[in-house]
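Atoms within each ligand, like the ligands themselves, are counted from 1 in listed order. For this chain, numbers begin at 1 and follow the sequence in order. Excluded from the calculations below are hydrogen atoms, water molecules and symmetry mates; all remaining heavy atoms, backbone and side chain alike, are included.
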Amino acid sequence: MRSILTALILLSLAGAAGSASPYHLIPGAVPLDSGPDGNSIVLDAPKGLIVIDTGRHPEHAQKILDYAKARNRPIAAIINSHWHLDHTTGNWDIRQVYPNVAIYASNAIEGALATFLKNNRADTDKMLADPKTPAAVRDQLIRGRAVIDHPDRIRPNHLVAKSGRMSIAGRQLDVHLAKFAATEGDVWIYDRPSKTAIVGDLVVDIVPFMDTACPDGWAKALNEVAAVSFTTLIPGHGAVMNRSEFLQWKRAYDNFVDCGHSDVAKETCVDGWSRDAARFIDDAHKAYARGAAEYYLETRLRSSPAEQQKYCKPLKA
Ligand SMILES: [Zn+2]
């Protein structure tokens with residue numbers, strides 16, 4: 001009897017050790033020659049694992065599935081921080097193994113399907129028709145096109161329509177909805193016991209990915225993040241930050257947007273971003289970050305007034 005009890009205690013300790021960290025991070029990469037994967041974060045819940053963001057490439061989704069297998073726990077829920085395909089494409093890989101997985105997201109994908117992703121699909125066909133498109137890029141394009149053609153593969157089946165405390169897979173989380181930020185509806189999570197904020201692309205270390213952004217709504221969302229008492233913040237791309245690192249990144253973001261709205265020379269604004277965010281930009285991405293900052297300055301911060309407001313209201317066909 002005593003040895004059985006000892007064995008049970010040891011087993012339960014082993015189980016606890018397996019989930020001692022408040023989260024498990026599967027880092028996404030931002031390669032220079034193909035599309036990025038967002039970070040994936042796995043949380044333990046009473047009914048199984050919760051996966052926040054599922055990446056783009058099949059190799060990334062496989063890492064999530066391998067982790068669940070190693071933990072011997074099912075994936076009970078997915079939370080998508082936003083609809084960008086580097087955060088949602090893996091939903092389908094996970095659904096094929098766990099068909100009953102609950103998928104939580106805002107409804108922003110609907111407007112995107114009618115506009116941005118529709119245009120994206122047309123570009124995809126053009127690139128696939130071009131024999132110069134490399135094989136690795138081709139695979140990625142075909143995978144992206146498949147989810148655009150079959151959006152039910154990645155669509156949420158549980159809508160996040162407002163901020164509030166939610167029970168997801170039996171675990172209580174503070175779920176925040178930031179409207180008109182990096183997308184029409186960005187979901188970010190605050191876990192009170194571990195003081196961890198998981199914020200998706202509201203924070204991207206090397207450069208804010210502003211392709212579908214409402215820059216001022218995004219700044220407002222960063223203020224809301226700053227208002228919770230987190231000590232650890234996991235961005236959509238890049239390394240985990242502490243509070244002071246986040247505040248430094250936020251200052252860099254605010255300065256960049258302010259500069260963009262001013263008539264200061266473009267080059268000066270790009271220099272400003274590179275300087276203010278220097279600690280978050282590794283050597284390999286220095287030129288990438290500058291190029292992207294310049295592109296977002298032209299397309300999102302200094303385009304026509306109508307274009308600047310395009311993502312500050314619901315997307316419609
Ligand atoms: Zn992303």
Side-chain angles (χ1 to χ4, degrees), residues 25-42 51-61 63-64 78-94 103-106 108-109 111-113 116-117 120 137 140-141 143-144 147-148 154 156 160 176-178 180-189 197-215 217-218 221-222 225 233-241 246 249-250 252-253 256 273 277 280-282 284-285 288-289 291-293 295-296 299-300 311 315:
L25 174 64
I26 298 171
V30 181
L32 298 173
D33 55 352
S34 77
D37 287 295
N39 286 332
S40 289
I41 300 93
V42 189
V51 177
I52 301 163
D53 289 344
T54 59
R56 176 200 306 271
H57 295 98
E59 299 79 11
H60 186 94
K63 283 183 201 164
I64 300 170
I78 292 169
I79 303 170
N80 290 130
S81 62
H82 61 298
W83 58 262
H84 287 177
L85 297 184
D86 55 326
H87 298 259
T88 53
T89 307
N91 288 11
W92 177 231
D93 302 79
I94 291 174
I103 303 180
Y104 292 79
S106 77
I109 193 174
L113 281 166
F116 187 92
L117 288 171
N120 190 291
V137 174
Q140 182 186 306
L141 290 170
R143 187 168 155 86
V147 294
I148 297 172
I154 62 166
V160 175
H176 293 260
L177 176 63
F180 307 110
T183 67
E184 191 173 323
D186 288 12
V187 172
W188 61 278
I189 302 297
I198 302 165
V199 300
D201 281 7
L202 293 177
V203 177
V204 174
D205 56 351
I206 52 175
V207 69
F209 289 152
M210 291 185 152
D211 302 78
T212 59
C214 175
W218 189 331
L222 291 173
V225 171
L233 178 140
I234 311 178
H237 301 265
V240 174
M241 294 182 184
F246 164 75
W249 191 90
K250 181 179 181 300
Y253 176 91
F256 181 62
W273 171 260
F280 307 109
I281 306 170
D282 58 300
H285 287 90
Y288 177 108
Y295 171 75
Y296 294 131
T299 59
R300 297 262 49 87
Y311 296 105
L315 282 174

I'd like to know whether H87 forms a ring pair (Phe, Tyr, Trp, His ring centres under 6.0 Å) with H60, so could you lay out the CA-CA distance, the side-chain angles of the two residues, the decisive distance to 0.1 Å, and finally the verdict. CA-CA 10 Å; H87 298 259; H60 186 94; 9.2 Å; no

N91 and N80: side-chain donor and acceptor closer than 3.5 Å?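 Yes.
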
Can you sort out the partners of A178 under side chain to side chain contact (heavy atoms under 4.5 Å, CB included), two or more places apart, ordered by chain and number?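 For A178 the side chain to side chain contact (heavy atoms under 4.5 Å, CB included) partners, ignoring immediate neighbours, are A181, D186, W188, A221.
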
Show your reasoning for whether side-chain hydrogen bond (donor to acceptor under 3.5 Å, both in side chains) applies to H84 and T212. CA-CA 9 Å; H84 287 177; T212 59; 2.8 Å; yes

Measure distances from the Zn ion (ligand 1) and count the protein N, O or S atoms below 2.8 Å.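 Step by step: take the Zn ion (ligand 1), keep protein N, O, S below 2.8 Å, and you get 4.
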
Tell me whether D93 is salt-bridged to R143, with the criterion being a basic N under 4.0 Å from an acidic carboxylate O.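 Result for this pair is yes, salt bridge flagged.
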
Check: L202 main-chain N/O paired with W218 side-chain donor or acceptor under 3.5 Å: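 Confirmed, W218 side chain pairs with L202 backbone.
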
